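Worksheet: one structure, shown below.
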Amino acid sequence: MITIYNTQTRSKVDFESIERGKVGMYVCGPTVYNYIHIGNARTFISFDIIRRYLTWRGFKVTFVQNVTDVDDKIIKKAAEEGRGAAEVAAEYTDAFIADMRAAGVLDPDIRPKATEEIPEMIDLVMQLIEGGHAYAVEGDVYFAVRSFAEYGKLSGRKIDEMESGHRDLRTSGLEDRKRDPLDFAVWKAAKPGEPSWESPWGAGRPGWHIECSAMSRKYLGLPFDIHGGGADLVFPHHENEVAQSEAACGCTFANYWIHSGMLQINSEKMSKSLGNFLLLRDVLETTRPEVLRMLMLQTHYRSPLDFSDERLTEAEAALSRIVNTVKNLEWLEANAADIPSPLDIRALMAQTQTARNEFIAAMDDDFNTAGALGVVFAFVSDINAAVADKTLSISDVPAIYQARAVLVELMGVFGIALEGEQVEAQYPCEVVALAHDLAGYPGASETQAVEALLACREQARKNKDWALADKVRDGLAALGLTIEDTPQGPRI
RNA sequence: GGCGACGUGGCCAAGCGGUAAGGCAGGGGCCUGCAAAGCCCUCACCCCCAGUUCGAAUCUGGGCGUCGCCUCCA
């Protein structure tokens with residue numbers, strides 16, 4: 001059973017998807033007015049790992065991430081640069097997608113753009129007005145927070161407390177048009193020169209919050225399973241999404257709210273004023289994406305994560321420990337000799353099994369990547385110790401192969417590909433997982449050992465490593481097993 | 001002022017009532033032509049105080065400290 005910390009209940013709860021075996025997931029994407037920064041990357045990588053894990057655990061995940069391509073900041077940027085807002089948005093949308101791919105983040109299944117979903121947003125606004133949850137004022141439309149009794153339930157705030165404690169709610173004249181200072185715009189009247197769409201309230205554009213409400217509803221339906229984003233979006237963005245969506249449909253919006261912690265640089269908040277604002281693309285100039293991921297894996301996704309060059313260096317060293325072990329195992333497989341074995345195969349296979357189980361236990365517990373990574377390292381130590389200074393026998397190859405396959409598989413769940421050619425355990429992992437599950441994996445059965453051995457030989461043949469392939473065949477022959485190569489593959 | 005999070009070895013970090021994972025760095029040894037990698041050993045009374053309990057890093061209360069959100073923000 002997977003447990004997830006739900007922001008709304010502020011507790012870890014068992015995860016049950018709405019539809020058995022399927023998960024609908026929505027993660028707020030960026031507003032494309034600049035290249036994304038390393039903090040954005042933390043959030044997106046966190047959810048990439050969550051998505052990969054759910055997929056690996058057997059869920060069919062539908063992952064939706066929007067691009068907010070119409071917004072005040074984009075308009076401002078365009079004005080500064082003397083060009084169109086659409087042009088600015090298009091440039092940074094492309095850059096965003098390129099940056100995500102460079103960081104090893106899988107593409108979402110659906111990546112809606114706000115500007116292409118305007119009719120759905122207008123529909124939603126109309127619904128809110130009809131339901132008495134929103135009102136139009138001179139071309140603007142505001143959501144009436146007092147009309148939604150549960151306003152504040154996600155972020156744990158109460159309307160009255162917010163108003164009494166709020167600093168400067170009534171400073172601008174604009175606020176007077178609202179019935180309540182906390183009411184927020186769901187539709188904004190266009191000023192001259194701004195991008196706009198026709199609507200029942202005149203030319204204008206959608207408010208930020210309504211975009212996500214409309215797009216998530218359209219592509220996932222309500223309610224859906226998981227809504228995610230950075231912790232700084234809890235209020236007001238997500239709170240407002242809940243209010244709009246639930247006021248309109250009269251149902252629950254999202255069952256689980258997952259928020260990733262903020263990234264800090266050298267223990268300080270990242271901000272332009274502090275001069276410590278790091279773009280993802282700049283970091284990736286000098287850092288491999290696996291190393292960045294490794295750094296992020298070492299901290300739980302909900303905790304603040306401190307980013308620094310020192311930590312990057314440490315992450316690189318840590319990763320190389322795993323890589324070295326994989327390389328070592330590859331070498332051992334290729335150089336197994338026809339001699340009596342000094343290796344305790346059963347122990348190694350049991351450790352492989354334990355590692356896989358404990359990895360799952362850690363990840364099932366609210367995606368505890370740091371704990372899971374600890375399991376991986378413990379496994380690496382087990383392997384290294386088992387194999388240290390030994391000349392291995394042909395008969396050890398299945399156990400070695402399995403250990404390596406699982407190591408690669410588990411790191412693959414994190415989105416770190418250790419190597420791709422020899423072991424077919426690189427992502428998509430669900431295929432591998434399925435195969436293992438069907439075989440009652442992991443176990444130490446002869447059948448599996450033989451299968452692993454056959455796979456090994458096939459790989460060797462593919463690499464035209466005839467010496468190794470023949471060694472495997474001879475080794476099996478010595479055990480009384482004869483391999484026959486058929487058009488469908490090897491058979492015993 | 002309101003809401004919330006956190007404080008574990010030199011650094012990072014898991015831990016969710018039963019006697020401190022893991023990584024990085026450091027020290028000693030082994031292996032090695034040298035090195036790298038690796039192996040073995042070594043390095044913590046978990047911010048302070050009080051309480052609950054047979055037993056607490058883990059629960060409760062009170063301190064001290066750090067940070068985040070409350071405004072656009074991943």
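Order of the sequence lines fixes the chain letters, A, B, ..., with proteins taken first and strands second; residue numbering starts at 1 for each chain. What you see is a predicted model; the values in this text were computed from it and never measured.
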Using the 3.5 Å cut-off, write out each protein N or O paired with an N or O of nucleotides 36-42 of chain B and the distance between them.
from  : atom 1 : to       : atom 2 : distance (Å)
B:A37 : O3'    : A:Asn324 : ND2    : 3.4
B:G38 : O3'    : A:Asn384 : ND2    : 3.3
B:C39 : OP1    : A:Asn384 : ND2    : 3.4

Give a yes/no verdict on a cation-pi contact between A:Arg293 and A:Phe414, requiring under 6.0 Å between NZ or CZ and the six-membered ring centre and an angle within 45° of the axis.
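A:Arg293 over A:Phe414 ring: no.
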Classify the side chain of A:His37 and the base of B:A74 as holding, or not holding, a donor-acceptor pair under 3.5 Å.
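It does, because a donor-acceptor pair links the side chain of A:His37 to the base of B:A74 below 3.5 Å.
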Does A:Lys269 make a side-chain donor-acceptor contact with the base of B:C67, cut-off 3.5 Å?
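It does not, because no donor-acceptor pair links the side chain of A:Lys269 to the base of B:C67 below 3.5 Å.
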Is it true that atom NZ of A:Lys218 has more than 12 heavy atoms of other residues, nucleotides or ligands lying nearer than 6.0 Å?
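Count over threshold, so yes.
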Answer yes or no: does atom NZ of A:Lys153 have more than 12 heavy-atom neighbours from other residues, nucleotides or ligands under 6.0 Å?
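Above 12, so yes.
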Hey, are A:Asp107 and A:Arg101 close enough for a salt bridge, meaning a charged N less than 4.0 Å from a carboxylate O?
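Result for this pair is yes, salt bridge flagged.
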Using a strict 4.0 Å threshold on nitrogen-to-oxygen distance, state whether A:Asp109 and A:Arg51 make a salt bridge.
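Result for this pair is yes, salt bridge flagged.
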Candidates B:A74, B:A13, B:C24 - which lies nearest the side chain of A:Ala318:
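Within the option list, the nearest is B:C24.
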Checking base pairs now: Watson-Crick or wobble, both atom distances under 3.5 Å. What partners B:C43?
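Across all strands, not a single nucleotide pairs with B:C43.
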Which part of the nucleic acid does A:His259 contact within heavy-atom distance under 4.0 Å: base, sugar-phosphate only, or nothing?
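No contact.
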With RNA chain B as reference, determine whether A:Ala378 or A:Gly230 sits nearer its 5' end, using the nearest nucleotide of each.
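Taking each residue's closest nucleotide, the earlier one in sequence belongs to A:Ala378.
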State yes or no: are the ring centers of A:Trp201 and A:Tyr135 separated by less than 6.0 Å?
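Not under 6.0 Å, so no.
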What's the spacing between A:Leu279 CG and A:Ile38 CD1 if we round to 0.5 Å?
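Interatomic distance, A:Leu279 CG to A:Ile38 CD1, rounded to 0.5 Å: 9.5 Å.
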So which protein N/O to nucleotides 5-11 of chain B N/O distances come out below 3.5 Å?
none

For [N] versus [M], give the span between their [atom1] atoms, rounded off to a whole number of Å.
N     : M     : atom1 : value
B:G61 : B:C43 : P     : 36 Å
B:U52 : B:G18 : C1'   : 16 Å
B:G28 : B:C67 : C1'   : 40 Å

All side chain to side chain donor-acceptor pair (under 3.5 Å) counterparts of A:Thr7, not counting sequence neighbours
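A:Thr7 satisfies side chain to side chain donor-acceptor pair (under 3.5 Å) with A:His259 once adjacent residues are dropped.
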